[in-house]
Amino acid sequence: MSLIKTDALVLKVGDYSESTRLVTLLTPDHGRLRALAKGVRRIRSRDRGALEPFSRVHVTLYLKDPSGLGTLRESAILSTPSALRSDYHRWLLASLVFEVLDRATLPATDLHTLFDLVCAYLDELNATPRPVEATLAVLAALLEWHGFRPDFTCCGVCGGGEPFAGFRVDKCSVVCGRCAGGSHFLSLPPGTLKAFEHLASAGIRGLESLRLSGLQLDQICSLLVALLQYHLEITLTTARMLHV
Amino acid sequence: MKLTPAMETLIAELVKLPTIGRKSAQRLAFHLLRAKRDDALALARAIERMRETVRFCAQCGNIAEAERCGICSDPSRDPSLICVVEEVTDLVAFERPGSFRGLYHVLGGCLSPLHGVTPEKLAIAPLMERLRSGSVREVIIATNPSVDGEATALYLAKLARPLGVRVTRIGMGIPIGSSVEFADEITVQKALEGRREIEG
């Protein structure tokens, strides 16, 4: 049994028994971890407030094997995005990102880059007047982190150049008018494709110059959700609740 | 060691109860074996009767033995005031002090897409139906002070406000009998936000 002291992001919290909660954590060194937090449901527990989704915490936990269930000994809040408690839309956006992380990250993996990316996103989400753009940028970064970089250079089917008629989800690429169609094809105007390219390359801190309409945000969101669901083989419940 | 088939069946059923492990189940089974026959059968009959008669109130979702629960059918209650809670157990907690004289609405949980709980899975549509009836003046949202509970409160407020209903949220802060010293950061912040002037 090893004792681990690490920073972590609380991905998910569920009730396990009368006084115990089951906490899912994203850690930079140990990947996604699940641990039992005993006694935290009691009103006098000091850890109750720390173990809330979206909080960045410092935890001490015992772990028998790297992919098993740990036991949480101590937790302290490092930061918590307060805007998520007062803005439903931001909570929903953060839920979408955390659902992807919960479904698609593994235990015992090095997640330093991903951890830093999500911490930066939560800081941004807490303050930015454009939470949707920041969320779409981080979803694009998550897709790329998993090895699926959207290709905007040439048609993903025939290799031809512009003009492009839309995006093929299965090819993770733009496609020309001749190759358009099929169940994985999404018809998108050139302006939306350019905006998606900018969003995917800018990162969450490079969105100042980007101006997108509500329709474009909606189209890019649908495309990103389709890409994440197809390539990571997950179903995103939050996407059904989201209308950007 | 294997016990008799009847004992094993009882233990297997008791193990399904929350917080009951194999050892506790075995202890309970032997207790029932040693207890007076009538006491043991009374327990079996009580479980059977509860399962046959208890259902959920058609109006608020509380437990009831008729179409409406005791609270909804009580004429001394104020129907213009509705307190929205996540679970029946929360309703029980609100009833304990006996000071609230309004009605309730049990949602059946709180929004949590990561656990697959979307608005359609909660009793939100029946709540809106009650608010649309025009007899409700105020709705008190008493979901838990968790991130998901807060989001549920915000979601409900967004739906209820256009109906001309006053939407309020229960107060949050330091629990009675505890110490400020041991409160976490969010609780202290909430307590400061919810401060009020001392009267008298």
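Here is how names work: the chains are called A, B, and so on, in the same order as the sequence lines, proteins then strands, and each is numbered from 1.
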- Task: Tell me, for A:S86 versus chain B, whether the close heavy atoms (under 4.5 Å) come from the side chain, the backbone, both or neither.
- Result: backbone

- Query: Looking only at heavy atoms, what is the nearest atom pair of B:P113 and A:T238, with distance?
  - Reply: CB-OG1, 3.2 Å

- Task: Inspect the contact between A:R90 and B:E150 and indicate whether a charged nitrogen and a carboxylate oxygen are less than 4.0 angstrom apart.
- Result: no

- A:D29 and A:H112: side-chain donor and acceptor closer than 3.5 Å? yes

- Task: Check each atom of A:L236 against the heavy atoms of chain B and say whether the ones under 4.5 Å are side chain, backbone, both or neither.
- Result: neither

- So which of B:T152, B:D148, B:T19 has the biggest tally of heavy-atom pairs under 4.5 Å with chain A? B:D148

- Query: For chain A, which of B:Q189, B:K158, B:E120, B:H115 has the most heavy-atom pairs under 4.5 Å?
  - Reply: B:H115

- Measure the acute angle between the ring planes of B:Y104 and B:F94, then classify it against the limits of 30° and 60° as parallel, tilted or perpendicular. tilted

